[in-house]
Amino acid sequence: MNAFPLLSTLIFLPLLGALATVLLSRSPALCRAAALGTALAELLLAACAIPLAADPGTILAENAAWIPSFGIRYALAMDGLSGLLVLMTAFLGVLAVLTSFKEITKRPGAYYAFLLAVETSACGVFLAKDLFLFYLFWEVQLVPMFFLIGVWGHEDRRKAALKFFLFSIAGGMLMLLAVIGAWLAQPEGARTFSLAALMAAPAAPHVQNWLFAAFFLAFAVKMPIVPVHTWLPDAHTQAPTAGSVILAGVLLKTGAYGLIRLAFPLFPDAAALSVPLLFVLGLAGLYHASLCALAQTDAKRLVAYSSVAHMALIVIGVAAWNAVSLSGAMLQMINHALTTGGLFIMIGMLSRRSGSRELASFGGVWKRSPVLGAFFLFFCMASAGLPGLNNFVSELLTLVGTWTGHPGVAAAAFAGAVLTLTYVLKLAQGTLFGTPAATQPEQWPDAEPLELCVLSPLAASILYLGFAPQAVLDMLRGPVSDFLPRIPQLFQ
Amino acid sequence: MQANLSLLLALPLFGALVLALLGRRLSRPMVERLACAAIIAAFIAALTALAGAWGETRLVPLFPWFSAGGFSASMDVLYDPLSGIMAVMVTFVSAIIHIHSVGYMRGDESYARYFCYLNLFVFFMLVITLADNLAFLFLGWEGVGFCSYALIGFWFADAERTLAGRKAFVMTRIGDVGFLIAMALFFATLGTLSLSGIIASVSALSVGTATALGLLLLWAAVGKSAQLPLLVWLPDAMAGPTPVSALIHAATMVTAGVYLLMRLFPVLALSQAALAAVGAVGAVTALFASFSALGQRDIKRILAWSTISQVGYMFLGIAAGDLCGGMFHLLAHAFFKSLLFMGAGCVIQALHEEHDIFRMGSRVRTAMPPVFLLFFLGALALAAVPPASGYFSKGRILYATLSHGGGLFTLYWAMGSLAAILTALYTFRLVFVAFFGDPAFPPKTWDIEPLPRFMIHVLWPLGALALLAGGLNLPGNFSGAEWLSHALRTVPGADAEFHGVSELAVSLADAGFCAVGLFLAWMLYGPRTAPGRRGPADPERFAHRMLRSGFGLDALYRKTVLTPFLALSGFMRRVVDEGAVDAAFMSQGVLWARTSMAARRLATGRTSTYLLTFLLGLAAICAVLLAKGA
Amino acid sequence: MTAVAEGWTPILPYAILAGGALAVFLAASLTKGRPSRVFAPISLLCALGAGLAALCAAPQAGIFAGTLDAGPFARFYQILTCGLTAGAILLLGGYSRRRGFERDELYALTLLAALGMCLLTAAVDWVILFLGLEMLSISLYVIIAAHKDAPQAAEAALKYFVLGAVASSFLLFGIALVYAATGETGVAESLRDAAQHGMEGIALLGFSCILVGLGFKISLAPFHLWTPDVYQGAPAPVTAFLSTGSKVAVFAALLRMALSESPLFARMDPVLWTLAALTMTAAPLGAMTQPSVKRMLAYSSAGHMGYLFMALLAAPIAGPGPIMFYSAVYGIMDMGAFGALSTLSPLDRDADDIMDFRGMGFDRPYAAGALALCLLTLAGLPPTAGFTGKFFLFESALSAGYVWLAVIGVISAIISVYYYLRVLAAMYMRAPEWAPARESAPGSYAVLALACAGALALGLLPAPVLSVMAASAPFTP
Amino acid sequence: MIVPLEHILLLAFILFLMGAVCALARRNLVMILLGLEVMLNAAGIAFVGASLRWMEMDGQAFVLFIMGVAAAEIAVGLALLVYCWRRSGSLDVNVFSRLKG
């Protein structure tokens, strides 16, 4: 136990910053400064926590009584997986704040407050070691995101925000019953929400099936897994750029994180039973989303569908449940955040210039702004899984790992790489190349310094994870070897 | 050694990085010098490496890339004579093409981007050449694919060109699926992706697995090397700048598939079926592409089809178990084909982007004698006119095929020989039509733009090699030393020996085929034939259309694959995703809303209605209780 | 007599409330019937005083010959109802003054209604229960109609009166039948002994009538249809009082019955199950497409009664704790929601149509923010008390084995999220059409602040309140 | 006790139903108030009968309370009636159905 409550600080620092931006809402400049300062401080803090989390010798945890009559505790801990995800959240938080400087002119105080509040809730989800606490943070995420989409979004924002919320809450509420069910499934008198205790004594198999189904539904909606994905394209399309970045980079990850950290280890028998279903859903998602992405004309919608397809690989990797595939799936969570975040940021920058998100409104972007064009192509290639860039590493690990137990599934998923390339190249083709659309305004500045500040670190991290992902994989080794034996049926 | 190899890889990468980051700030000469210097230095590094480790096989670890749960991908170099020679060839041809490009791109604004891509390409190509780990090799494999995509669509304002790039990228990616699956299979069966590890434990593979692996690798190679059935992208790839066509789509990248099969030859050798499949692909493609080359009017497309055809020979060589022959032809082809392309580029540029050979004519020859001479040297090698390099290299492959024995390989030999006749025919059709006589069609302009001299003169080494590279592996009956075979003898699988057929007889037959082809070309297109007859036959004629369009394969794919695929994509979006899945959820909402309207109608606002609910409610409660009591 | 001498303190709340009503009338006579500013402070002090007295009273078994419970259970509900009354008075103060109906009877009757609530929560005898309910109801009939200029207050009052009187008759007739079947007037005793005299059928019929009567008061489906009409017609602060205090108090009485270990509850289980399920589905459905926010909140309060009723079924096994907790949560959040609505209302009418709320979120940040928070609490989203409360409710339902009821409840909660969000969307995601005058209503803002603080505090730190619940577990019905 | 309790309860129940039906079916507010009164009194009869059956005075005391409450209720009811009549000029209860849905 540390004397300094590092984890709580990580969670609540952004909330404090949110409060500050609300109080400073009279002056947009101060709001921005406060938001950026908070986000940077959070990043710094997360970076400080990483070595501690990576070191197996130190245990980074907090634990305090909260609602004793129900055995609910305020329990936090950080291992390699949580640490990386928190770091990623903080990193994207900084980028999201920076991207919003130009884009958000309406009520910046509230905007940054909600943005930082999402960070708080996401960090809470990643760090909670108590099921009740996890659920609390899990549901809290929805509110600020709802406002981010609904208030600062584009033309159809209200509908998209409502859709997002209702899909998520439908999964979440059923999960609430399952959370209670998992609690009640323990012997009376010794009931607790502690994840460790729940994992140590799983419920009876027939109970597990129901509980797993409810948990899985919640996570499937959030990830999202086909066929409960249809909220995502709308939400992404309508959200402001930073909202899309956070949504794709952080919120979707909480779903995948839940699948790995909760659904599988808590209900091992049910999880083992569900593996074929997960493979079917994963492959269906990969193909369906890729094909749908190809048919989009709205750039953000295209990227949103690509997001669904990339997340489907995580489903496959988790279902395969071996050391290689699980490492790949975990790494994919981070890689997807960076790549898709980059694409959303780029589309935000471009559509701010062209005034539209339609692919038809772009064209010839490279000619008009070569630096932006180069970055765009870079992110596109990362998304297409070009080796040397981040996605390749995780996708290769995921699928090679899947192959060892399920060659058919892996082969089908490998073949999906072609589809990925088709829609990525469609995106690049429609945006970068050809002649500029007639609707484009005269003013089309190339990358501004602020934009470079956003894009360069993102590109650098993509390159870093493409060429030297070993440090990250080393951090994931602990969690992987911790999770694997929890499902003996899948782990030989 | 490690430093040398690191330098070899790092120099082009460094050049590319510098150009990517600072290229737009540097002056044009600075950019050009930097790009060329990086490649020339890499060439020197490759040479010293070859000299330093002559005949040895070394595994040089460079950088641990990533590993997890027993899977490991590290950036190691497997340096053996095969990769050493390949690296020298790649850097040598690249260096010449870089220098040539300085002239070729003299009028282009985007020179920094061009040279950045070009340097990056060389880096990736060297990775393919040197990589020990298949994942590392795949880095280069996909990297060259990307560079090819970016360079085909280099003039991106023209959407047609970028679409050609996209086509190339996607088609090669279709092949790459085979590579990826092969990697997974290697990991699952042998637990390693290291080439040296695979070859060391190759005996652990069952024949079935080896066949599967062989076919997967073949599929990957087919994509990259533009063989049947994935060849349709290469003719379109000619949309890129001509030096790019010379480097990527003739000398280096398209031979990467062949090189991959050579590197993993011990795996292929385990399976007769896989080898036969490789041979079938090679022989059929060689013939198919030579026919198609015969129908083209665009000078670059003729060369493109000819590249496909020549790479088919290399496949055939590998299928026959003749690694050296494959490598020999690879090298010779790299020299003469890049020469031909750059010669064609000079012609095209001098004629203001004129691609149609029927609009050229003797004026080209007279205006640019050195270009003609260089082009002619390349044509001699391509047509396998003795004693040019192509004659020996192609001959070696045909000899190996015939001596492999068996009906199938005899058939392959026959197809290869027929293709050889056609090669000579279309090559000299090109030479006669483009450089002799009057044009059958009026050219756009008669004025010929002078080219920078260095741009032409830098090609002389290639010209010399096109003519003399046969000396690399002069067969025994020409009292040659078989230098290449000797050099490659330590490469696994390169120690094959051929018996049963007289090499001399085959060589003579080859010369005969060449002569037949030349004769036909002279008769049909020679300078003595009337210009009208020399023109392309009636474009409405079916046979001509077939040849011209590469037997309609591209259109067939469009019709049977691309259109249904796009239709499926639209269907998935509109009907399945929006029309069914999303609509199912949204109709849920509508359903609830309708129910809600109905429920609200119960609240009529009339007090009597509400009072009625009291009585009805009580009655219902009583009814339930009575029903339960009874 | 010694018992009374020992425990005079439990009488204090009743005395303060009754005295307060008298004091208001007295003050009115002193000001010769003119509107005066003293009514509100007097009644506020009385309500708070009564609550404080209940808080400080020493718990005992029973007073007035055992007809009134003075245990921790009654005390908890009395504190709660007095607090809600105080909130309602604070809201009424500014609201009625600006609209010109701030008269003595308004406050006096509010205090009397509070007295009725206190009696209801403490009643262990049918007589007291009936009297408490009538005192509450009759006062409310008048208060609803108090604003004579309000366009629809008369209709609302009339409907509430007719229906309420009929419901009281049902309740009364049911009591008579239960009494006939057992000969006892004690609530718990009569229910417990219902089957001992061979007249279980009559007792069941009586209990069914009681259920209709009380079901009306707490808006159980299908007796809930009046709720939106009355809530919409009544002035917003009155609605706040009506929807919180009266429901919480009646629920306390119901809870007392449920814990009486009566065989009737077991016999009625399918009926009760159906009522709970019906309420949890019909009420949200009514609210879902509702253009009027007041009607929506009315349906929603009926829906919340459904959740509570579900937990009531489970209470014999899972205990009263979750219901007590959620009663408090419900009172706080509905008070906040209606309070915010009244604060946001223009002078000539109440803000009602959802389009009235367009752009309020940024125009009136504090009141709208409070409304938003209360709506999120009603929707049961963490970290608000609505979430914690719902968690406890569902926990008790599941632990008592009512799995399907819990599933229905969850589906109902999902639907309910939709209509709360619609209001949020209107407030924050649409441009304002009109800007209502900003009025200084410190009383209202105090209520809103307290409601928000309560909603967050009970959500984040429910442990202290839960320990109070645990203390009232040794419970004498 | 000469008359069995069942009979008294049956009478009370019939009266109660009649009152309820009157309140339900009549539109005139005065008649509704009358029906209400009948319902309350039906409960009173049941109380008196039960009180005799069990020989306890509680029931009769209850009836006294009922009378008081009924008076108060009717008083408020009549006041409302007058108020409504003034506002709308009608005593038809269904006139007051503007709040609905």
Side-chain angles (χ1 to χ4, degrees), chain B residues 66 68-69 159 565-630, chain C residues 155 158-163 165-167 169-170 173-174 200-201 204-205 207-209 211-213 215-216 220-230 232-233 264 267-275 278 281-292 295 298-299 411 414-415 418-419:
Chain B
F66 62 98
F565 176 71
L566 290 177
L568 177 68
S569 151
F571 175 82
M572 285 307 246
R573 179 197 164 179
R574 296 224 162 65
V575 180
V576 178
D577 200 62
E578 289 168 10
V581 182
D582 193 36
F585 288 114
M586 296 323 260
S587 66
Q588 283 272 311
V590 174
L591 195 72
W592 284 110
R594 291 233 176 96
T595 324
S596 158
M597 298 303 255
R600 278 173 55 199
R601 223 163 284 140
L602 287 177
T604 56
R606 289 164 176 259
T607 314
S608 43
T609 317
Y610 303 167
L611 283 173
L612 193 63
T613 61
F614 289 14
L615 280 180
L616 290 181
L618 184 65
I621 293 172
C622 292
V624 170
L625 289 176
L626 281 176
K628 233 189 113 211
Chain C
E155 184 183 335
L158 185 71
K159 276 182 182 167
Y160 192 51
F161 166 70
V162 171
L163 295 166
V166 172
S169 316
F170 270 87
F173 192 69
E200 201 191 359
L204 271 175
L205 181 62
F207 188 62
S208 305
C209 289
L211 209 57
V212 173
F216 164 82
L220 281 189
F223 317 119
H224 69 296
L225 295 172
W226 61 275
T227 326
D229 294 3
V230 174
Q232 191 184 12
L264 295 181
R267 291 292 305 272
M268 297 278 280
D269 192 64
V271 171
L272 301 176
W273 196 98
T274 314
L275 282 177
L278 203 60
T281 44
L285 278 178
M288 191 179 157
T289 52
Q290 197 54 256
S292 150
R295 293 184 77 82
Y299 275 119
I411 293 172
I414 295 168
I415 300 173
Y418 170 72
Y419 48 75

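What you are looking at is a predicted structure, and each value in this text was computed from that prediction instead of being measured. No hydrogens, no waters, no symmetry mates; every other heavy atom, side chains included, goes into these values. Below, chain A is the first sequence line, B the second, and so on; all start at residue 1.
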**OP:** Step by step, work out the side chain to side chain contact (heavy atoms under 4.5 Å, CB included) result for C:S208 and C:M268.
**Re:** CA-CA 9 Å; C:S208 305; C:M268 297 278 280; 3.8 Å; yes

Subject >> Residues C:H224, C:Y299; criterion side chain to side chain contact (heavy atoms under 4.5 Å, CB included); working and verdict >> reply: CA-CA 8 Å; C:H224 69 296; C:Y299 275 119; 3.9 Å; yes

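Taking the six-membered ring for Trp and thresholds of 30 and 60 degrees, B:F614 and C:F216 have ring planes more than 60 degrees apart, a perpendicular arrangement.
Of the atoms belonging to C:Y418, not a single heavy atom falls under 4.5 Å from chain B. Heavy atoms closer than 4.5 Å to chain B are found in both the backbone and the side chain of C:R267.
Side chain of B:Y610 to backbone of B:G605: a donor-acceptor contact under 3.5 angstrom is found.
Considering only heavy-atom pairs separated by less than 4.5 Å from chain B, the leading option among C:L275, C:T274, C:I415 is C:I415.
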